[in-house]
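Here is the naming used below: chain letters follow the sequence lines, and residue numbers restart at 1 for every chain.
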2 protein chains.
Amino acid sequence: MSPAPEDATPERLRAIPSRLLAGAAAAADRLVNERLAAEGARKWHFAVLVALAETGPASQSDLSRRTGVYRSDMVAVLNELAEGGHLVREPDPVDRRRNVITLTPAGRDRLHRLDALVTAAQQDLLAPLSPAEQAELTRLLALLDTRHRPPHGGEHA
Amino acid sequence: MSPAPEDATPERLRAIPSRLLAGAAAAADRLVNERLAAEGARKWHFAVLVALAETGPASQSDLSRRTGVYRSDMVAVLNELAEGGHLVREPDPVDRRRNVITLTPAGRDRLHRLDALVTAAQQDLLAPLSPAEQAELTRLLALLDTRHRPPHGGEHA
DNA sequence: CCATAAACGTTCGTCGCACTAACGAAGGTA
DNA sequence: TACCTTCGTTAGTGCGACGAACGTTTATGG
């Protein structure tokens, strides 16, 4: 038998938070993507659908800001969702620079299905933790997130 | 004035652990890379140097397993470190398929400098949390990491 | 001893994500 | 009017994660 190399990761590396974070994030992404792939979706699709459902029709740059998807990348995401009939993209009559993105009933359906998948993935992800630990982890991560402001086109004020 | 869109991220999305994880990991990566870029290094360089310092000379696939860098990508990392004189790559006389990677004194020096940078980045990252929270977050992340085994070429037994 | 299988280093290519640059069309403002 | 900004869009860059394939070398087993 082999000497069972098991987890050969050096101690030093294993204690580094940024590495732990990267590892956990990778695992999380993998879980989510696996589930969503079963429906031929990616996480951005879900994010956009959520944003649309939450506040109604919006422009692309609106959606970009709210989901964190760059407006350059938003184009393709919307194309794919539009092809699937999950949303409609039409020019905004009041501001003709804009497109108004509107969720269709089919889109709302899809949102519900994707939501179930994403929720399941979260449970898989957090399963190793007790409910209290899950809540604490979520809280701490949210803290870090709000502190380390995205390199986005954020508030200048 | 604008209606202050501020943080327009939908509530639904903000509560999703995998998204929080991705956000925090991105911030962490950004902090680490910014620091390391000052020395013209990337995180893999650091990881490889740590692995070498911890257990002495090793083969490339050894390093690959221990650092998490794919062996395909390891090639370039070692090239760069070798160019900088931080390590030496020579064929293994006992197993001529392998290369023996050996840390040079210059490499050890560089490790210490990079270590300082990485440590500083961790402090920046965790600064929003109390020491107790930092420890707890690290613990929980380590738990998730060890549970969600990498999709790597892991144990077959 | 020879065939076959495995491991190693390497090259190349793919995919997704984050991010920049630039451009035409449209709107706001002086 | 001229100017600046916003919006959607295209194209392109860089990086990390990952797979395929190939030649070389070592291990295995009949």
Whole-Å gap separating P (dC7(D)) and CD (Glu90(A)): 18 Å
Closest approach of Leu125(B) to Leu144(A) (non-hydrogen atoms, all atoms of both residues): O-CD2, 3.3 Å
Arg65(B) versus Thr9(A), side-chain donor and acceptor atoms under 3.5 Å: no
Nucleotide dA17(D), atom P - distance to CD of Glu34(A) in whole Å: 17 Å
Integer-rounded Å distance: dC15(D) P and Tyr70(A) OH: 16 Å
Closest contact, heavy atoms only, Asp145(A) versus Gly23(B): OD1-C, 3.4 Å
For Arg89(B), salt bridge (charged side-chain N to carboxylate O under 4.0 Å, His left out) partners two or more places apart: none
Spacing of Arg42(B) atom CZ relative to dC15(D) atom C1', expressed in whole Å: 8 Å
Atom pair distance, as rounded to whole Å: CG in Asn33(B) and P in dC19(C): 12 Å
Sequence-aligned protein contact record of nucleotides 4-12 of chain C, with B where the base is within under 4.0 Å of a protein heavy atom and S where only the sugar-phosphate is: --BBSBBBB
Nearest-Å distance for atom pair CG/C1', residues Leu63(A) and dG8(D): 13 Å
Nearest-angstrom distance from the residue atom CZ of Arg30(A) to C1' of dA17(D): 12 Å
Partner set under salt bridge (charged side-chain N to carboxylate O under 4.0 Å, His left out) for Arg12(B), not counting sequence neighbours: Asp115(A)
Nearest atoms (heavy-atom pairs only) where Val50(A) meets Pro10(B): CG1-CB, 4.4 Å
Distance in angstrom units between Arg19(B) CZ and dC17(C) P, rounded: 12 Å
Lys43(A) or Val94(A), whichever maps to the more 5' nucleotide of DNA chain C: Lys43(A)
Arg14(A) versus Thr146(B), side-chain donor and acceptor atoms under 3.5 Å: no
Salt bridge (charged side-chain N to carboxylate O under 4.0 Å, His left out) partners for Glu34(A), two or more places apart: Arg30(A)
Contacting residues from residues 44-55 of chain B, given that a heavy atom lies under 4.0 angstrom of DNA chain D: Trp44(B)
Partners meeting salt bridge (charged side-chain N to carboxylate O under 4.0 Å, His left out) with Glu90(B) (sequence neighbours left out): none
